[in-house]
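Data block below; observations after.
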Amino acid sequence: MVGDNNLTDAAWADLNEMETVGTTDSVAVVAAVEFSDTFSQEVPANYRTGAYRLEVGADDDTTDVSSLADATELGTSHNMSDPDTLAAFLTWAAENYPAKNFALVMWNHGAAYRGGFTDQGVDNALLDLEEIVRGIRDSGVH
């Protein structure tokens, strides 16, 4: 979830929505997310300048993303539009949540044929379609 832009509060809301179901015995829901201090009205201040990897747990509190309490912090100014970042997330997910099948949902502004996933925290970096393919290929997850 590339939320280091004007979608930061939408990322927060969508994580909250995901927590209404969360990880189950049959399906692990994991995410990588980065928020923006510049654009946030809803995200608590302690999460606005970081990027995180997390397992999305289940809860019915739609005011707080409680799963972030146990998240791995990736640091500030993390380039979520870098194919190496995508590969590292996929590798982490497959190693920590092994499964027979995987689904990847990439979340952010789209840019049609050019790709998408604009990280405004890193000079409006854009992850293009070739880089998405490279990130998936380099992860070793098939």
Side-chain angles (χ1 to χ4, degrees), residues 1-37 39-122 124-142:
M1 299 179 83
V2 185
D4 192 7
N5 52 45
N6 63 349
L7 292 175
T8 198
D9 287 337
W12 180 261
D14 283 356
L15 281 169
N16 261 315
E17 185 175 314
M18 290 164 50
E19 284 184 334
T20 62
V21 176
T23 294
T24 68
D25 291 339
S26 301
V27 176
V29 179
V30 296
V33 62
E34 185 175 23
F35 301 109
S36 168
D37 190 38
F39 293 99
S40 181
Q41 301 293 315
E42 304 294 326
V43 179
N46 56 318
Y47 294 119
R48 288 184 186 177
T49 58
Y52 306 89
R53 284 189 194 143
L54 61 140
E55 176 182 4
V56 178
D59 73 36
D60 57 2
D61 179 0
T62 58
T63 64
D64 183 42
V65 179
S66 59
S67 300
L68 282 168
D70 296 321
T72 300
E73 187 168 355
L74 302 174
T76 58
S77 299
H78 197 73
N79 187 353
M80 297 291 280
S81 295
D82 184 326
D84 293 336
T85 300
L86 174 59
F89 170 71
L90 294 173
T91 301
W92 169 84
E95 288 175 353
N96 289 283
Y97 302 91
K100 291 180 184 176
N101 299 293
F102 295 94
L104 173 64
V105 177
M106 298 181 70
W107 185 102
N108 182 245
H109 288 296
Y113 66 92
R114 295 183 309 146
F117 316 102
T118 303
D119 189 333
Q120 290 182 328
V122 186
N124 290 320
L126 177 75
L127 187 64
D128 67 34
L129 293 176
E130 289 179 6
E131 291 172 321
I132 293 168
V133 171
R134 189 174 92 215
I136 294 170
R137 184 191 63 232
D138 291 353
S139 74
V141 179
H142 301 286

Considering non-hydrogen atoms only, spot the tightest contact between [X] and [Y] and give its length.
| X | Y | result |
| --- | --- | --- |
| M1 | M80 | O-CE, 3.8 Å |
| Y47 | W12 | CD1-CZ3, 4.2 Å |
| L54 | L68 | CD2-CD2, 3.9 Å |
| H78 | E34 | O-OE1, 2.6 Å |
| G140 | H142 | O-CD2, 3.4 Å |
| S36 | D4 | CB-OD1, 3.3 Å |

Quick one: are [X] and [Y] in side-chain contact, heavy atoms under 4.5 Å?
| X | Y | result |
| --- | --- | --- |
| V30 | W92 | yes |
| M18 | V29 | yes |
| F89 | S139 | no |
| D9 | V43 | yes |
| E55 | D70 | no |
| M106 | L127 | yes |
| F35 | L15 | yes |
| V33 | W107 | no |

*Does any N or O in the side chain of T85 come within less than 3.5 Å of the main-chain N or O of N79, such that one atom is a donor and the other an acceptor?*
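Yes, T85 side chain to N79 backbone: donor-acceptor pair under 3.5 Å.
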*Looking only at atom types and distance, does a side-chain atom of S67 sit under 3.5 Å from a main-chain N or O of G57, one as donor and one as acceptor?*
yes
How long is the gap from [atom1] on [X] to [atom2] on [Y], to the nearest 0.5 Å?
| X | Y | atom1 | atom2 | value |
| --- | --- | --- | --- | --- |
| T72 | Y52 | OG1 | OH | 11.0 Å |
| N16 | S66 | CG | OG | 8.0 Å |
| R48 | E42 | CZ | CD | 9.0 Å |
| N96 | T91 | CG | OG1 | 10.5 Å |
| L129 | E131 | CG | CD | 9.5 Å |

*Evaluate whether atom CD of E17 has more than 12 neighbouring non-hydrogen atoms of other residues, nucleotides or ligands under 6.0 angstrom away.*
no
*I would like to know whether D64 and D59 meet side-chain contact (heavy atoms from CB on, under 4.5 Å); could you show each step before the answer?*
CA-CA 10 Å; D64 183 42; D59 73 36; over 6 Å; no
